[in-house]
Amino acid sequence: MPVELIPGVYWVGAIDWTLRDFHGYLTEAGSTYNAYLILDDKITLIDTVKKEFVPEMLARVAEVVNPEKITYIVSNHVEMDHSGGLPETVARVKPEKVFCSPAGKEGLSRHYKQDWPFEVVKTGSELSLGKWTLTFLETPMLHWPDSMMTYLKEEQILFSSDGFGAHLASSERFDDQLPDYPPDYPHQVKKYYANILMPFGALILRLYDQIAKLGLTFKIIAPDHGLIYRNPAWVMEAYRKWAAAEVEPKALVIYDTMWHSTEMLAEAFTQGLMDAGADAQMHHLRRSHYSDIMTEVLDAGLLLLGSPTLNNGLFPTVAEFLTYLKGLKPRNKAAMAFGSYGWSGQAVKLINQELEAMKLKMAHPGFQVKYIPDPEELTAARALGAQVARENLKL
Ligand code: FEO
């Protein structure tokens, strides 16, 4: 069934109930690909869905209007979870125009090699549909170069593409319909931000300035994943805090271990963090998914990274996590390395190199033990945990 946002504007997307891996991101609750249909003199479809969900989307459209009556398609974003359905949809609908950003035209052309009737739009471009007007807002690198948002001016609805999205498959379509749904929705919104948008905080703050300058206000924010916000104030405020890299007095101990020596240190550090009154969490990298750890990294003020030395290098899961973390450009955090070794002992140095490359504040030069920590070393690790918490968190 299509779902009405307001009379004449419908959600016609698709629900991906069984999705569990979105290019490496653990989507434990599935996802949706949201597409929207606007009924006006010029009937308009905003975004499509993943290729295999086109029949589901077109069936929803058909419950409102014959898909062949669609005049315009707006493509806010090239990534294939939203554009994968374009070739089939364009072939069926034969739209007069396909609207996209300049980088969108290039990206769609590279993906699909089709001679579609593109019309390139820029920030402030307006398109009259009849009684309603669409205004376009380029949002480059939120989170691809082509990304843009589309605003239904008279009704103050922002079609925000990936912005404000979350991965959740549900029968409900609006945020106010899911007060108690586990896992709680704000957590899914935070996880999405942490894993997709964290590198782009400065651009989000700039977008907020631009929105204020243009005098745009939103009654509804309709993203391309997850629920539609009829009360968008909370999500806009959450994004403002995350974009400003505000942190809590929270410390994460993230590690892997071979024969439990690094794990013994992790436990001692975690105890020390708790001694100091920090909100401490311990994450074993083969038991917590890195996309879940990143949700916690987002507002943590202190990270302790632990690895044994394996074959003169890092334990593979630690190397993988550091690569992922570095790509997401964490800001406003202190960090330190720890680990155990048998003979060569490179792990702490290698972690430090990565922390320096991320320009994180070094909380300590690093703590390592040979083979198995003795009681004095565990006591020292616990004391150091408390010390770095006091020195780097607002406790
Ligand atoms: Fe939901 Fe960037 O695609």
Side-chain angles (χ1 to χ4, degrees), residues 11-36 45-54 56-57 73-89 98-112 136-150 158-170 173 175 185 187-201 203-204 207 221-229 235 239 242-243 291 294-295 298 324 327-329:
W11 172 87
V12 289
I15 306 172
D16 194 346
W17 294 99
T18 59
L19 182 77
R20 292 295 178 268
D21 179 346
F22 191 94
H23 54 52
Y25 175 143
L26 175 69
T27 48
E28 72 278 8
S31 194
T32 63
Y33 314 110
N34 297 336
Y36 299 96
L45 179 69
I46 297 188
D47 288 322
T48 65
V49 293
K50 242 185 198 175
K51 187 179 171 187
E52 58 267 37
F53 290 88
V54 171
E56 184 177 331
M57 178 191 78
I73 296 178
V74 173
S75 173
N76 277 330
H77 183 24
V78 169
E79 198 165 6
M80 285 180 284
D81 47 332
H82 310 295
S83 74
L86 268 177
E88 193 180 335
T89 308
V98 175
F99 295 89
C100 59
S101 69
K105 182 180 175 187
E106 188 199 346
L108 291 172
S109 301
R110 287 294 308 164
H111 274 70
Y112 303 110
F136 300 100
L137 190 58
E138 290 173 90
T139 54
M141 295 320 299
L142 288 177
H143 67 122
W144 276 22
D146 56 271
S147 297
M148 69 174 194
M149 298 184 182
T150 299
L158 180 70
F159 300 98
S160 61
S161 185
D162 280 333
F164 308 108
H167 287 307
L168 175 74
S170 63
R173 295 275 68 79
D175 64 329
Y185 195 64
H187 181 80
Q188 292 296 346
V189 175
K190 183 180 178 185
K191 181 171 179 177
Y192 191 93
Y193 183 95
N195 285 278
I196 306 288
L197 292 160
M198 188 153 83
F200 311 117
L203 295 177
I204 289 168
L207 175 66
I221 293 182
D224 273 1
H225 297 286
L227 300 172
I228 298 159
Y229 303 93
V235 76
Y239 261 53
W242 296 330
S291 57
M294 208 53 63
T295 314
L298 178 63
Y324 191 63
L328 289 169
K329 297 186 172 59

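Heavy-atom basis, side chains included; hydrogens, waters and symmetry copies ignored. Ligands are counted one by one from 1 in listed order, and the atoms in each one are counted from 1 as well.
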Distance-only donor-acceptor hits, side chain of residues 161-168, under 3.5 Å, sequence neighbours excluded:
| residue | atom | partner | partner atom | Å |
| --- | --- | --- | --- | --- |
| Asp162 | OD1 | His82 | NE2 | 3.0 |
| Asp162 | OD1 | Tyr192 | OH | 3.1 |
| Asp162 | OD1 | His225 | NE2 | 3.3 |
| Asp162 | OD2 | His77 | NE2 | 3.1 |
| Asp162 | OD2 | His143 | NE2 | 2.9 |
| His167 | ND1 | Ser31 | OG | 2.6 |

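When side chains are defined from C-beta on, Asn195 does not count as touching Phe22, because their heavy atoms never get closer than 4.5 Å.
Evaluation of the side chain to side chain donor-acceptor pair (under 3.5 Å) rule for Ser83 yields Tyr112 as partners, not counting sequence neighbours. In this view, Thr150 and Asn76 satisfy the side chain to side chain donor-acceptor pair (under 3.5 Å) rule, not counting sequence neighbours.
Distances shorter than 2.8 Å separate atom 1 (Fe) of ligand 1 from the protein N/O/S atoms Asp81 OD2, His82 NE2, Asp162 OD1, His225 NE2.
The 12-atom threshold is not exceeded at CD of Glu106, counting heavy atoms of other residues, nucleotides or ligands nearer than 6.0 Å.
The aromatic rings of Tyr239 and Tyr193 stand perpendicular to each other, their planes meeting at an angle above 60°, with 30° marking the opposite boundary.
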